[in-house]
Number of protein chains: 2
Amino acid sequence: MDIELATNALKALAHETRLRIFRRLVQAGPEGLCVADLAGHLNAEANGSFSFHLKELSNAGLIRNRQEGRFIYYIANYPAMNELLGYLTEHCCAGEPCGEQIHTCATTENNP
Amino acid sequence: MDIELATNALKALAHETRLRIFRRLVQAGPEGLCVADLAGHLNAEANGSFSFHLKELSNAGLIRNRQEGRFIYYIANYPAMNELLGYLTEHCCAGEPCGEQIHTCATTENNP
DNA sequence: ACAACATTTTGACTATTCTATAAATATGGA
DNA sequence: TCCATATTTATAGAATAGTCAAAATGTTGT
């Protein structure tokens, strides 16, 4: 992960519709969701604007897709997300105990 | 953390200069850095543009500052960062083991 | 009080991103 | 083959964000 990839990913997430899409896909798991269902869950329409946002997330490498019949399923790219999170917290407090809690899986209630 | 706070934070981070500033402050620890030193570390100038970016990060709640003499020290807001990271990964894979590694402190080489 | 320093604010200009609409592509079924 | 469905692409206009230069604010030392 370099600064350019990271800013691209953050730009992609920095929009309410796209953040909703991404979070929904993170929650959906490795099966993903097809565009219409995804839009349905978010009370959005599967129109040109929605498609534009999917493309932004794809270009940033945060989501992937597969075609199944005439549906296209989008899936969160978990490794990409993890790289981004790691990049943000890298070398936190120069390695010294900083007295602040750093995010861990345990804090997100439901990790393997 | 709600969607609006999260998008504001992500927008703030979604710019190369601001991401550099933020990461540098994360690495600097709770003492923070004054503007001139911060700019120096990033090969940037402590000018109006730099100040604009500091304000964006402040407004998003990602950094704080304190005045010391005629210097202003900026400090990463660790709890805000952690809330953001948690928000992005919340309910990952709907609680099912997803087979993907989720970011943990252990992966960032240097956590308390 | 004055001068120098550190940083922020303002305002005008440019660039980038978002939305809306319409048309295009691709797939599956009758 | 033809039609309906699912989704993307293209284009133009509207909205938002970023940069630059200059002036303003607040602080310290003399």
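Reminder, nothing fancy here: chain letters follow the sequence lines and each chain counts from 1.
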Find out if a path of hydrophobic residues (ILVMFWY) with successive side-chain heavy-atom gaps under 4.5 Å connects B:Phe22 to A:Leu5. yes
Nearest listed nucleotide, side chain of A:Phe52, among D:dT5, C:dT19, C:dT8: C:dT19
To the nearest Å, give me how far apart CG (A:Leu10) and P (C:dT16) are. 19 Å
Among D:dT27, D:dG18, C:dA6, which is the nearest nucleotide to the side chain of B:Phe71? C:dA6
Between P of C:dA6 and OH of B:Tyr74, the distance in whole Å: 15 Å
Between C:dT8, C:dT17, C:dC18, which one does the side chain of A:His53 approach most closely? C:dC18
Separation of D:dA6 atom P from A:Asp37 atom CG, nearest Å, is 10 Å
Provide, to the nearest angstrom, the distance between the CG atom belonging to B:Asn47 and the P atom belonging to D:dA24. 18 Å
May I have the distance from B:Leu33 (atom CG) to C:dA6 (atom P), rounded to whole angstrom? 15 Å
Atom CD of A:Glu45 and atom P of C:dA22 are separated, to the nearest Å, by 13 Å
Comparing nearest nucleotides in DNA chain C, the 5'-proximal residue of the pair A:Arg70, A:Gly48 is A:Gly48
Without decimals, in angstroms, what is the distance between B:Arg18 CZ and D:dT19 C1'? 12 Å
Can you tell me if A:His15 touches the phosphate of C:dT19, counting only side-chain N or O atoms and a distance under 4.0 Å to OP1 or OP2? yes
Please round to the nearest 0.5 Å and tell me the distance separating atom CD of A:Gln27 and atom CG of A:Leu25. 9.5 Å
Rounded to whole angstroms, how far apart are NZ on A:Lys55 and C1' on D:dT7? 12 Å
Nucleotide of C:dT8, D:dT7, C:dT17 approaching B:Val35 most closely (side-chain heavy atoms): C:dT8
Going only through I, L, V, M, F, W and Y residues with side-chain contacts under 4.5 Å, is there a path from A:Leu10 to B:Met1? yes
When you measure from the side chain of A:Cys34, which nucleotide among D:dT7, D:dG18, C:dT17 comes out closest? D:dT7
Sugar-phosphate only, base, or nothing, as touched by A:Tyr73 at under 4.0 Å among non-hydrogen atoms: nothing
With respect to the side chain of A:Gln67, which nucleotide from D:dT7, C:dT27, C:dT8 is positioned closest? C:dT27
Count the heavy atoms of every other residue, nucleotide or ligand shown that sit under 6.0 Å from CD of A:Glu45, and state whether that count exceeds 12. no
If each of B:Gly69 and A:Ser51 is mapped to the nucleotide of DNA chain D with the nearest heavy atom, which maps nearer the 5' terminus, i.e. the 5' end? A:Ser51
Taking all heavy atoms of B:Leu19 and all of A:Ala6, pick out the closest pair and write down the distance. CD2-CB, 3.7 Å
